[in-house]
Amino acid sequence: MEGHGNGRTNGASDEELMVAWSAGDAGAFRELFGRWTPRLFSFFLAMNRDRADAQDLVQETWVRVFRSREKFDPARKFRPWIFRIAARLQSDLLRSWNWRIRTLAVSRSGTEDAPGLDPLDRVPAPAVGPEGAAEDAERAGKLRKALGSLREPHRKAIVLHDLERMTCREIAETLDAPVATVLSWLHRGRMELRALLEAEGGKGAWT
Amino acid sequence: MSLDGHPHELIERGLEGTLSPSEEEALRLHLKSCAECAEEYAFARRAREELGRAGSVPAPAEMAAMRSGVEARLAAGPALVKMVERNVPAAQRRFGEGDCELLRRSNRDVFSFGSEPVEE
């Protein structure tokens with residue numbers, strides 16, 4: 001990349017920064033990266049429950065954002081645009097051979113974790129106070145695990161809605177689906193989630 | 001109201017906090033009379049709260065690693081495509097011709113910077 005930060009990136013909108021980055025301003029990239037990477041990382045971590053995968057997917061998202069820079073319309077919001085790229089990558093890359101080859105290479109070279117070890121166990125528990133910390137962490141762990149067994153559209157909709165805090169309309173724009181479909185994904189996903197969690201923790205444990 | 005008779009949009013927007021006062025009242029009344037929706041709403045609120053808490057952010061070292069990874073890949077550009085192509089024969093011995101054709105195709109897609117933009 002060429003160019004350096006112009007020192008005026010802090011107060012700029014995401015859309016302005018994207019335009020500046022497209023024009024070669026590396027400082028604009030760094031500002032955007034700092035703002036959005038934690039959110040992309042949380043999204044991919046909730047989707048895949050593996051920190052290394054989340055890191056790879058975040059990097060790939062930024063590369064795709066750069067490749068698509070000329071298609072960015074500064075009159076439209078940055079969030080649905082970047083998450084649309086991330087959500088497509090989530091669907092594409094997990095199916096791709098590039099991804100599988102890497103996973104195979106890791107498993108054949110013997111550096112993978114012991115068989116049967118849930119990747120979830122590598123995700124650190126969220127920071128909570130000492131009181132009830134173990135219970136909170138356990139509950140959060142169960143939720144992440146149950147989420148991981150949902151069908152991908154349901155999981156994506158729930159993660160974007162409840163973690164990234166998008167509205168149903170924003171999710172519809174991001175995932176290129178009608179609002180009614182998003183509502184159905186959220187509803188059905190939650191029903192499945194609830195059934196999974198209640199099967200483990202007893203009826204009423206989550207309501 | 002949706003086809004199954006339950007106000008799914010009202011429920012979701014209630015969770016988001018984007019209802020008008022009259023819509024809020026409509027939701028409240030519905031939840032009072034519909035046990036199914038009341039249970040779903042209670043569960044959804046709980047799960048939303050938990051998921052918000054469960055969201056894990058990257059450590060500073062992970063942030064730095066990701067950023068330099070992206071910068072290196074953007075700087076490498078087409079040179080990286082060549083590098084990956086050179087590695088394919090090794091992968092071929094390991095994984096077979098069929099898999100490698102897919103790998104080549106995938107690499108062209110993933111690493112072809114500067115070619116056709118992929119996003120609308």
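First the proteins, then the strands, lettered A, B, ... as listed; each starts at 1.
- Counting all heavy atoms, side chain and backbone alike, B/Val57 lies closest to A/Arg51 at O-NH2, 3.2 Å.
- Across all their heavy atoms, B/Glu50 and A/Arg139 have their closest contact at OE2-NE, 2.8 Å.
- Residue B/Ala59 touches chain A through its backbone alone, counting heavy-atom pairs closer than 4.5 Å.
- Residues of residues 166-180 of chain A that come within less than 4.5 angstrom of chain B, heavy atom to heavy atom, are A/Met166, A/Thr167, A/Cys168, A/Arg169 in numerical order.
- Classification of B/Glu16 and A/Arg165 as a salt-bridged pair fails, no side-chain N sitting under 4.0 Å from a carboxylate O.
- Contact check for A/Leu186 versus B/Ile11: no side-chain heavy atoms found under the 4.5 Å cut-off.
- A/Phe43 is linked by a ring pair (Phe, Tyr, Trp, His ring centres under 6.0 Å) to A/Phe83, counting only residues two or more places apart in sequence or in another chain.
- Here A/Phe29 contributes atom CZ and B/Leu74 contributes atom CG; the two are 6.5 Å apart, rounded to the nearest 0.5 Å.
- Looking at A/Leu197 and B/Phe43, their side chains come closer than 4.5 Å, going by heavy atoms from C-beta outward.
- When all heavy atoms are compared, the tightest approach of B/Ala47 to A/Leu143 is O-CD2, 3.7 Å.
- Taking every heavy atom of both residues into account, B/Met66 and A/Gln55 meet most closely at SD-CA, 3.8 Å.
- Scanning both residues, A/Pro38 and B/Pro58, for their nearest heavy atoms gives CA-CD, 3.7 Å.
- The pair B/Glu39-A/Arg194 counts as a salt bridge, with a side-chain nitrogen and a carboxylate oxygen less than 4.0 angstrom apart.
- The shortest distance between side-chain heavy atoms of A/Phe33 and B/Val70 falls below 4.5 Å.
- The minimum heavy-atom distance linking A/Leu183 with B/His8 is given by the pair CD2-O, 3.9 Å.
- Shown here is B/Glu25, whose CD atom has more than 12 heavy atoms of other residues, nucleotides or ligands within 6.0 Å.
- B/Arg67 has its side chain out of reach of A/Thr37: every pair of non-hydrogen atoms, C-beta onward, lies at least 4.5 Å apart.
- Looking at A/Leu193, both its backbone and its side chain come within 4.5 Å of chain B, counting heavy atoms on both sides.
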